[in-house]
Every structure is written in structure tokens, then in C-alpha cells.
A.B. asks: 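Mind looking over this structure? Questions follow.
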There are 2 protein chains.
Amino acid sequence: MKYEAFVELLEQDINNGRYDQDGKLPSEDVLIESYQVTRYTLRKAIAFLVERGQLYQVQGSGIYLRRRAKKGYFNLDDTQGITSESRGINQNVETKVVSLEEIQFKDAAFVPEGLSLSPETILYFVKRLRLLDGKPFVVEHSYYIKSLVPYLNHEIVEQSIFHYLKEVVKLKFGFADKIIRTEKLTQEVATLLELKKDDPTLVIIDEAYLSNGALFNYSKLYYHYENSEFFMHATMK
Amino acid sequence: MKYEAFVELLEQDINNGRYDQDGKLPSEDVLIESYQVTRYTLRKAIAFLVERGQLYQVQGSGIYLRRRAKKGYFNLDDTQGITSESRGINQNVETKVVSLEEIQFKDAAFVPEGLSLSPETILYFVKRLRLLDGKPFVVEHSYYIKSLVPYLNHEIVEQSIFHYLKEVVKLKFGFADKIIRTEKLTQEVATLLELKKDDPTLVIIDEAYLSNGALFNYSKLYYHYENSEFFMHATMK
DNA sequence: CAGTGGTCTAGACCACCTG
DNA sequence: AGGTGGTCTAGACCACTGC
């Protein structure tokens with residue numbers, strides 16, 4: 001059994017409360033027996049859930065459920081936009097497209113530090129406002145490299161772009177770098193967020209790479225400081 | 001050979017430019033041969049460096065160095081204070097202790113959501129201002145649970161508390177949860193950061209757990225919005 | 001000291017990229 | 001087709017926790 005499938009199965013059982021009375025899972029030996037998986041598969045799945053902060057392991061003792069697992073936050077590790085980020089709570093996501101155009105790399109308003117592309121490289125440039133339950137949540141300024149993302153139109157951009165890239169264009173995502181900071185809002189972004197110039201904003205600069213290491217998208221995201229909190233889990237090594 | 005030791009060895013070779021001409025590492029088979037490690041040890045070490053964003057792997061192709069790896073940022077995954085976070089750049093860290101006192105849990109100014117402790121639980125409460133190259137960088141409001149952190153004094157708190165807990169008290173750290181958001185500054189914190197009331201601030205609420213899952217510390221950190229940028233690396237699953 | 005998770009070995013086969 | 005990384009097997013032993 002592939003470990004991804006086993007992760008889902010295990011996650012279901014955990015979420016259905018199968019292990020709630022103990023607050024911990026059975027030992028690895030018992031899990032191996034009851035799910036009929038090998039230790040490799042089991043530990044790979046457990047490691048995934050540990051990374052996500054749902055479980056923790058104590059050597060010599062057992063595998064424990066995290067109590068008070070965080071809900072209702074956007075997870076900084078989820079790199080695929082609001083739709084999947086907001087799982088755990090049911091919220092209505094709306095998207096307003098401010099603009100969609102093709103530009104050349106040399107005309108981009110901002111560029112990731114150290115990124116070298118030919119000045120004539122064609123990029124899609126998308127500005128969107130996204131709302132959660134009717135409240136302005138984030139303004140996105142996103143660039144997509146056209147040689148890797150060959151087609152975007154208004155209709156696609158009104159939905160989840162990443163969903164389209166994954167399911168339709170069949171891009172294989174690899175990893176993302178993010179820079180997080182706080183700024184004062186410009187008038188342009190403040191208007192969209194229904195805030196005032198110089199109000200605070202949480203800014204995330206996001207660089208997204210395919211599994212082959214090629215950058216296909218970079219974005220600057222301005223979050224409404226009152227409507228957005230992010231969560232992350234880290235191991236202390 | 002333990003994989004932690006091998007990580008260090010491999011990291012040294014990478015940082016010394018041993019693999020720069022190719023931009024990639026040799027294949028796993030070659031690495032196994034040249035470093036005399038087993039595939040398990042090799043892949044565990046590689047996985048660690050991939051998680052940190054220093055390498056990426058492409059199935060069927062190879063193990064590549066990340067170019068333009070980020071330097072000069074604070075890594076959100078590093079959970080052990082400024083001293084180790086700021087590696088990569090040499091900056092002078094100063095610490096000014098604003099206050100150090102023992103309080104009861106019921107008198108704490110803030111409490112992590114869902115945390116249940118007896119109201120009489122004794123906590124150390126530490127307020128510190130930390131400066132980088134003489135510039136105010138972060139104001140920390142930190143609580144330590146005395147039953148797990150039995151002793152703190154002014155001298156310790158002027159240094160790296162985590163270093164003390166790790167090396168002297170021999171606590172074994174496990175994991176940390178963080179919530180990241182933006183707020184407007186209160187007058188009290190603004191004064192310490194040499195900013196004005198209502199200026200933006202990046203806030204991180206940090207909960208730190210021992211390897212046995214016990215919470216030993218939680219903090220609210222107010223970062224100077226002009227002097228602090230954070231970096232993180234994520235895999236897109 | 002019994003039982004648990006962590007590391008390690010030595011293989012095999014699969015999935016994917018590249019020439 | 002050959003070579004690369006990804007998954008998987010079936011063990012063994014080590015390190016730690018808790019009774």
C-alpha cells in the first residue's frame with residue numbers, strides 16, 4: 001500500500017475519534033498488524049502527520065495525538081492558495097480580478113532578489129482581490145512565467161489558479177520560498193482592502209517552483225491585518 | 001555513521017564549494033561510495049537539507065544545489081532565538097531585560113488558546129528588548145513554566161535563555177507552534193522599539209514544547225516592522 | 001527490564017528524466 | 001535504454017520511557 005493512501009486512511013481514523021480515548025495511537029507493532037502495512041510505510045505516514053503538527057512521537061513511550069490542534073488559521077506550509085488553506089473552516093471565497101496582462105520581465109514592478117531571467121521573458125501579471133465571507137482578505141500581485149504557464153484568461157484567474165495549473169495544465173509543483181514581513185499600505189492596495197493608507201499589512205513574497213526546480217510563479221501578497229492570522233508548526237532540532 | 005554527523009560533513013562540503021561547478025551533487029550511488037554511508041543514512045541527510053531549502057531532488061535526474069539560497073533572513077523554522085537564527089550574517093545581539101518576575105498562571109496577561117493549567121501554576125514572566133547592531137529588533141513577552149524551568153535569574157535572562165535551557169538544564173526540545181499576524185503597536189511596546197503607538201508590528205506567538213509533548217514556554221514577540229523579515233521554505237504536497 | 005520509538009542494513013523493484 | 005531518485009521489504013540493533 002502506498003504511504004500517501006495510508007496517510008489518508010490513518011487521518012480519517014484519527015479525525016473520526018478512533019484514538020481519542022487514549023490520546024495516543026497503539027504501538028507501531030500493533031498498527032503494522034492492524035493496518036497490514038510495513039514499518040517503512042507506517043513510519044513514513046506517521047512522519048507526515050508529525051510534520052503537520054497532528055501527532056508527536058516520544059521515543060520509548062508512544063505516538064500521541066496533538067490536543068488543541070489549531071483550527072481556523074491559514075497554514076503557512078500550505079502553499080496552494082486560500083481554497084485549500086482554509087480547510088477546517090467553511091468560508092466563502094470570492095475573487096475579484098483587478099487586472100490581467102502580459103508584460104516583459106524588464107517591466108515587472110518587483111523581482112525576486114537574485115532572479116536572473118532574460119529581460120524579454122514574457123510574464124502574465126495578475127492583480128486580484130480575494131474576499132472571505134465578503135470581507136477583503138488579501139490583494140495578490142502575481143507573475144507567471146509564460147513559457148511554463150502557457151495560457152491564462154479572465155475566467156481561469158477568477159477561480160483558483162493553482163488548481164487549474166495542477167489539474168488542467170498538469171504542472172508538477174515542487175517547493176516554495178516565502179519571505180514574510182510587515183509594511184505600511186500604499187493607497188492603491190489600501191483602497192482594495194477597505195483600509196487606509198499607512199495601515200499595517202502582513203506581506204508574503206512567495207516564489208513557487210516546479211518539481212524540476214524551475215520557478216514558474218512569484219507573488220507579493222498583501223493581507224488584511226485584522227482578518228488574517230497564519231499558523232505554522234516546526235520541529236526543534 | 002550517524003546521519004546527524006553526516007549532515008554536517010555534507011553541509012561543509014557543499015558550503016566549501018565542492019559541488020559548485022556542476023550545480024548538482026553526484027548520484028546517490030556515487031555519494032554512498034565516496035562517503036562510505038548506506039543509502040538510508042545518505043537519504044536521511046539529503047532529506048534534511050532538502051527540508052531546509054539547501055538542495056532539491058528531481059526523480060530520474062539528480063540532486064541539485066539551490067542557487068540564490070536566502071541569506072540575511074531569519075528563518076521561521078529556527079525556533080531557538082535570535083542567536084542561532086541569525087547565522088549566515090554576523091550581527092551583534094544585545095539584550096535588555098525589562099522585567100523578570102514570578103507570577104501565577106491566572107495572572108498572565110495572555111494565554112494560548114485552549115491551554116489548561118491550574119490557576120496557581122507558577123510561571124516566570126520575562127520581558128526583554130533585543131537589539132541587532134544597536135537597533136531595536138524585537139520585544140519579547142515570555143512565560144516559562146517553573147515546574148519545567150526551575151530556575152531563571154537576571155544574568156541568565158540577559159543571555160540566550162534557550163541556550164541555557166539546552167546546555168545547562170538539559171531540556172530536550174521537541175516542537176513549536178507559531179501564530180503569525182500583524183498588529184498596531186501599543187504605546188508600551190512602541191517606546192521600547194523606538195516607534196510610535198499604532199505603527200505596524202509583526203507579531204509571533206510561539207508555543208514551545210519538550211520532546212515529551214509538555215509545553216514549557218510560550219511567548220508573544222513584537223518585531224520591529226522595518227528591521228525584520230522572515231524566511232521559510234515549504235514543499236508543495 | 002519490558003516495551004516503545006529511532007537508526008541502520010542490504011537488498012529489490014518502481015517511476016521518472018535524459019540522451 | 002540507461003541511469004536517476006522514490007518506494008518498499010524484512011529484518012537487526014540501539015536509545016529511551018516507564019513500570
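Below, read A as the first sequence line, B as the second, and so on, with proteins coming before strands; counting in each chain starts at 1. Heavy atoms only: backbone and side chains are in, while hydrogens, waters and symmetry mates are out.
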A.B. asks: NA contact type, K172(A), heavy-atom cut-off 4.0 Å: base, sugar-phosphate, or nothing?
C.D. replies: sugar-phosphate
A.B. asks: I want to verify a distance call: between dG5(D), dC8(C), dA10(D), whose nearest atom is closest to the T41(B) side chain?
C.D. replies: dC8(C)
A.B. asks: Round to the nearest Å and state the distance from F48(A) atom CZ to dG6(D) atom P.
C.D. replies: 16 Å
A.B. asks: Between D29(A) (CG) and dG6(C) (C1'), how many Å, whole number?
C.D. replies: 13 Å
A.B. asks: Counting only side-chain heavy atoms from C-beta out, which of dT7(C), dG6(C), dG5(D) sits nearest to E28(A)?
C.D. replies: dG6(C)
A.B. asks: Output the rounded distance in Å from NZ (K237(B)) to P (dG6(D)).
C.D. replies: 11 Å
A.B. asks: Taking the side chain as everything from C-beta on, heavy atoms only, tell me whether R181(A) gets closer than 4.5 Å to I205(A).
C.D. replies: yes
A.B. asks: Take atom CG of D22(B) and atom C1' of dT4(D), then tell me their distance rounded to the nearest Å.
C.D. replies: 15 Å
A.B. asks: Got a sec, which residues hit side-chain hydrogen bond (donor to acceptor under 3.5 Å, both in side chains) with Y19(A), two or more places apart in sequence or on another chain?
C.D. replies: Y35(A)
A.B. asks: What nucleotide among dT7(C), dG6(D), dA15(D) has an atom nearest to a side-chain atom of Q59(A)?
C.D. replies: dA15(D)
A.B. asks: How many whole angstroms separate atom CG of L210(B) from atom C1' of dC16(D)?
C.D. replies: 15 Å
A.B. asks: Among the candidates dG5(C), dT18(C), dT7(D), find the nucleotide nearest to the side-chain atoms of I63(A).
C.D. replies: dG5(C)
A.B. asks: Output yes when at least one side-chain N/O atom of K44(B) is less than 4.0 Å from OP1 or OP2 of dC8(C), else no.
C.D. replies: no
A.B. asks: For Y64(A) and for T38(A), locate the closest nucleotide of DNA chain D by heavy-atom distance; then report the residue assigned to the nucleotide nearer the 5' terminus.
C.D. replies: T38(A)
A.B. asks: Find out whether the Lys NZ or Arg CZ of R66(A) is both under 6.0 angstrom from the six-membered ring centre of F175(B) and within 45° of the ring's axis.
C.D. replies: no
A.B. asks: Using side-chain hydrogen bond (donor to acceptor under 3.5 Å, both in side chains) as the criterion, list what pairs up with E33(B), not counting sequence neighbours.
C.D. replies: none
A.B. asks: Relative to the ring of Y144(A), is the ring of F162(A) parallel (under 30°), tilted (30 to 60°) or perpendicular (over 60°)?
C.D. replies: perpendicular
A.B. asks: Is there a side chain to side chain contact (heavy atoms under 4.5 Å, CB included) between D177(A) and F231(B) once you walk through the steps?
C.D. replies: CA-CA 7 Å; D177(A) 285 341; F231(B) 167 73; 3.6 Å; yes
A.B. asks: Measure from CD1 on I46(A) to C1' on dG5(C) and round the result to the nearest Å.
C.D. replies: 11 Å
A.B. asks: Is a side-chain N or O of Y143(A) found less than 3.5 angstrom from the main chain of A109(A), in a donor-acceptor match?
C.D. replies: yes
A.B. asks: If you pin L31(B) and Y40(A) to their nearest nucleotides in DNA chain D, which one's is more 5'?
C.D. replies: L31(B)
A.B. asks: K24(A) has an atom NZ; how far is it from atom C1' of dG5(C), in whole Å?
C.D. replies: 11 Å
A.B. asks: Do any N or O atoms of the protein come closer than 3.5 Å to N or O atoms of nucleotides 11-13 of chain D, and which pairs are they?
C.D. replies:
residue	atom	partner	partner atom	Å
dA12(D)	N6	R39(A)	NH1	3.2

A.B. asks: Report the distance from atom CG of L42(A) to atom P of dT7(D), rounded to the nearest whole Å.
C.D. replies: 16 Å
